[in-house]
Each structure stands twice: as C-alpha cells, then as structure tokens.
Amino acid sequence: MEEVLTDIKDIAFSASRFQDNLKTRFIGRYLNYRVATETTMKLALIESGIPPNGESSWGHSKETVKFPEGDMGAPSGTIILADYQFGGVGRIVGRVWESSKNKNLLFTMILRVLSYEGIKINLLTAVSVARACKNLGVDAKIKWPNDVYVNNKKLSGYIVKVTDQYPVGSGNCVLNIGIGINVNEKMAEDEQKTSLLNALGREVDREILLAELCNIFEDLVPKSLGEVIEQYQSFDMLTGKHIIVKEVPEIEGKVLEEYEAKVIGLNGFQLRVQKKDGKIVDLVSGEVSIRPQ
C-alpha cells in the first residue's frame with residue numbers, strides 16, 4: 001500500500017517517499033534509517049566495515065552487523081539517516097550540532113572512492129547542498145570551508161572523515177560525509193543560524209530535498225575537479241571580501257592566531273587570502289567571518 005504523507009510537521013522521515021524521488025544509480029539506494037541515534041557518523045563507521053576499537057558503548061561490532069557487501073561493509077552511496085541525534089558534533093572539537101526531532105536532515109553518506117578524489121568530493125558536497133536548496137527558491141551561498149549560508153546565516157554544515165579500510169598503497173579510501181541541514185525548525189531572528197522554514201516562510205518536504213541532493217551529488221561525481229571548482233565558485237560568498245581569520249586546529253579547537261585578510265579565492269580546497277602586510281597565505285582549515293563594513 002502506498003504511503004501517503006498528509007502533513008510535513010512532526011512526521012518521521014518516509015523512506016519510501018525518499019526512494020520514489022531518487023533518480024540515482026547508487027547514491028541513496030541503500031538507506032539505514034534510525035528514529036534516534038547518538039550520531040550518524042558513528043553508525044557510518046560501523047556500516048562501512050570499520051568498527052571502532054574500544055568503544056563498546058556504540059552497541060555494535062563488525063561480527064553483529066550485517067553488511068550488504070559482506071566484510072567490505074555497506075556499498076558506496078549508502079546513507080545513514082536519523083530524525084534525531086543526541087550527540088551530534090561539528091567539524092571542530094568541542095562544537096555540537098543541535099536539532100529538534102523530525103525537523104531537519106541529519107545524515108552521513110558512505111562513499112568509496114579513489115584517494116585522490118577527496119578534494120573534489122569535499123567541494124561537490126557543498127555544491128550539492130547549495131544547489132538543492134537553491135532549487136527550492138533560496139539564495140544559497142557556500143562559506144569556506146564547509147558551510148552553506150542563506151541571508152548571511154548558517155543553514156547547513158558538513159564534515160568529511162577519511163577512513164583507512166583498504167590496504168596501504170591501494171589508492172582507495174572510504175569517505176564518511178556527515179551533513180546537517182536546518183529544514184523545518186523555526187529559528188529565532190537573533191540567532192546566527194537559519195532554516196529553510198525561516199527563509200521560505202513554509203515547511204519543506206525533507207524526503208524530496210534529500211532525494212534532490214542525492215541526484216545532484218551523483219551527477220557531479222564523474223565531473224572533473226576543474227568543473228566542480230567552477231560550480232563551487234558560482235556559490236562562493238567570500239572571494240573579494242575582507243574577513244577575520246581564526247586559525248583553529250580541528251583536533252584541538254583552540255584559536256592559535258587571529259588576523260584580518262582579504263580573500264583571493266580557492267586554491268584546491270584551500271582558501272587563499274592576503275594579509276594586511278601583503279603576505280599570501282593558503283588556509284587549510286579554521287574559521288572565517290566577514291569583517292563588518
């Protein structure tokens with residue numbers, strides 16, 4: 001019997017509705033849905049065939065999880081999605097990702113790629129989120145290194161973790177891409193984050209949004225790095241702007257240096273900036289904010 005969605009508000013994610021809107025060959029074709037979990041990224045590590053060592057609190061081991069591809073773990077394109085996370089984290093240690101139940105999109109995608117494709121996948125993730133949201137009618141922009149903004153407020157963020165499942169020197173790797181998008185959660189006007197509900201004034205079908213994101217993502221995978229960078233730049237909100245840079249190592253979370261600079265543009269996945277003394281620097285990670293005029 002066909003599942004009918006009568007009201008978007010407070011309804012759990014519909015896997016069948018999502019699948020019905022997919023046009024992909026592999027992205028999203030395997031879906032592991034959870035009503036609630038600590039974090040989809042932890043589940044993705046298990047599903048990808050790399051159980052955590054010494055973390056019995058995660059509740060699974062490789063021996064107790066059934067993998068669609070046997071010992072190799074979940075197939076490329078698998079999505080682990082939850083309607084609620086009680087331990088969601090951000091890119092920098094100590095940051096959290098908070099979300100109300102059944103309101104937003106919280107998921108991790110497992111991708112098996114050649115090692116050299118990591119930069120391209122990182123960039124096309126941002127492009128996929130921005131394009132899917134733009135197709136709904138919002139002016140989505142990408143803020144380096146891995147955020148999507150609408151009306152100068154954060155709408156979405158993602159993290160990419162590389163896991164070493166394959167033999168050293170094989171040229172292969174597994175990417176676990178954790179993505180959070182604020183969809184139907186009402187945000188206060190004085191907050192630095194926003195949602196599609198705030199931006200559009202209406203609720204959005206999460207299943208269709210995720211399917212659209214997956215469709216775009218798969219279309220971008222075979223593109224060259226140059227083509228992906230071109231699309232990324234079309235959404236870039238920083239080039240030419242004067243910014244404040246906070247160099248924050250992701251594994252430590254402490255600000256090592258803070259300075260003003262002007263953004264020159266993207267250099268691979270690094271952000272090329274010019275300091276006030278004229279020195280050119282390529283940022284690998286950190287936090288940037290547009291300097292008030």
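- With rounding to the nearest 0.5 angstrom, the CD1 atom of Ile244 is 7.5 Å from the NZ atom of Lys246.
- Panel note: side chain Lys154, backbone Lys143; no donor-acceptor pair is recorded below 3.5 Å.
- A distance-only check finds a donor-acceptor pair linking the side chain of Arg29 to the backbone of Thr24 [under 3.5 Å].
- Taken to the nearest 0.5 Å, the OG1 atom of Thr194 stands 8.5 Å off from the NZ atom of Lys186.
- At least one donor-acceptor pair closer than 3.5 Å links the side chain of Ser195 to the backbone N or O of Glu185.
- Taking hydrophobic clusters as Ile, Leu, Val, Met, Phe, Trp and Tyr residues chained together by side-chain heavy-atom distances below 4.5 Å, Met187 does not share a cluster with Tyr149.
- The backbone N or O of Ile159 lies less than 3.5 Å from no partner atom in the side chain of Asn146, so there is not a single donor-acceptor pair.
- In this structure, Asn151 and Val138 have side chains that are not in contact, with every pair of non-hydrogen atoms separated by 4.5 Å or more.
- Leu31 is connected to Val35 through a chain of hydrophobic side-chain contacts under 4.5 Å among Ile, Leu, Val, Met, Phe, Trp and Tyr, so both are in one cluster.
- Residues Leu136 and Glu212 fail the side-chain proximity criterion, which asks for heavy atoms closer than 4.5 Å.
- Judged by a 6.0 Å distance limit and a 45° cone about the ring axis, Lys101 is positioned over the six-membered ring of Tyr84.
- Remark: side-chain polar atoms of Asp277 are paired, donor with acceptor, to backbone N or O of Lys279 under 3.5 angstrom.
- Separation of atoms CD1 (Ile110) and CD1 (Ile27) is listed at 11.0 Å; rounding is to 0.5 Å.
- Contact annotation: the side chain of Val281 approaches that of Lys275 to within less than 4.5 Å [non-hydrogen atoms, C-beta and beyond].
- In terms of modelled atom types and a separation under 3.5 Å, the side chain of Gln85 and the main chain of Thr40 share a donor-acceptor contact.
- The backbone N or O of Gly28 sits less than 3.5 Å from a side-chain atom of Gln19, completing a donor-acceptor pair.
- Smallest separation of non-hydrogen atoms from Cys133 and Leu155: SG-CD2, 3.7 Å.
- Both Val148 and Leu200 are assigned to one and the same hydrophobic cluster, defined by single-linkage of ILVMFWY side chains at heavy-atom distances under 4.5 Å.
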Exercise for review: Evaluate the criterion side-chain contact (heavy atoms from CB on, under 4.5 Å) for residue pair Glu47 and Tyr30; output intermediate values, then yes/no.
Suggested key: CA-CA 11 Å; Glu47 290 283 323; Tyr30 283 87; over 6 Å; no

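- We find the CD-CZ distance between Glu207 and Arg17 to be 6.0 Å, quoted to the nearest 0.5 Å.
- If you chain together hydrophobic residues whose side chains sit under 4.5 Å apart, Leu266 and Ile264 never meet in one group.
- Atom NZ of Lys153 has more than 12 neighbouring heavy atoms from other residues, nucleotides or ligands inside a 6.0 Å radius.
- The closest donor-acceptor contact from the side chain of Asn172 to the backbone of Leu114 lies at 3.5 Å or more, if one exists at all.
- Annotation for Gly178 and Thr108: closest pair CA-OG1, 3.6 Å, computed over non-hydrogen atoms.
- In this structure, Val183 and Lys103 approach most closely via the heavy-atom pair CB-O, 3.4 Å.
- Side-chain contact between Arg131 and Leu220 is present, with at least one heavy-atom pair separated by less than 4.5 Å.
- Side chains of Leu105 and Leu213 form no contact here, defined as non-hydrogen atoms less than 4.5 Å apart.
- Scanning both residues, Val263 and Leu238, for their nearest heavy atoms gives CB-O, 3.2 Å.
- Distance alone, capped at 3.5 Å, is enough to place a donor-acceptor pair between the Trp144 side chain and the Phe269 backbone.
- Between the side chain of Glu218 and the backbone N or O of Phe26, at least one donor-acceptor pair lies under 3.5 Å.
- When side chains are defined from C-beta on, Val160 does not count as touching Ile121, because their heavy atoms never get closer than 4.5 Å.
- The pair Arg206-Asp83 counts as a salt bridge, with a side-chain nitrogen and a carboxylate oxygen less than 4.0 angstrom apart.
- Heavy atoms only, all atoms of each residue included: Asn215 and Asn21 are closest at ND2-O, 3.4 Å.
- Taking the side chain as every heavy atom from C-beta outward, Cys214 and Ile79 approach each other to under 4.5 Å.
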Point to revise | Pair Leu225-Leu123, side-chain contact (heavy atoms from CB on, under 4.5 Å): steps then yes or no | key: CA-CA 9 Å; Leu225 176 59; Leu123 295 173; 4.0 Å; yes

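- For Ile216 against Ala132, the heavy-atom pair with the smallest separation is CD1-N, 3.6 Å.
- The cluster map of Ile, Leu, Val, Met, Phe, Trp and Tyr, joined by side-chain heavy atoms under 4.5 Å apart, puts Leu210 and Leu22 in the same cluster.
- For the atom pair Tyr33 OH and Leu81 CG, the distance stands at 7.5 Å (nearest 0.5 Å).
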Practice item. Output, in order, the C-alpha distance, side-chain angles, deciding distance and verdict of side-chain contact (heavy atoms from CB on, under 4.5 Å) for Ile181 and Asn104. Key: CA-CA 6 Å; Ile181 305 175; Asn104 304 314; over 6 Å; no

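- Using a 4.5 Å cut-off on side-chain heavy atoms (C-beta onward), Arg272 and Asp282 make contact.
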Check your understanding: Given Thr125 and Met109, is the side-chain contact (heavy atoms from CB on, under 4.5 Å) satisfied, shown in steps?
Key -> CA-CA 10 Å; Thr125 298; Met109 182 188 299; over 6 Å; no

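- By the neighbour-count criterion of 12 heavy atoms within 6.0 Å, atom CD of Glu230 is sparsely surrounded, having that number or fewer from other residues, nucleotides or ligands.
- The distance from the CD atom of Glu260 to the CD1 atom of Ile243 is 10.0 Å, given to the nearest 0.5 Å.
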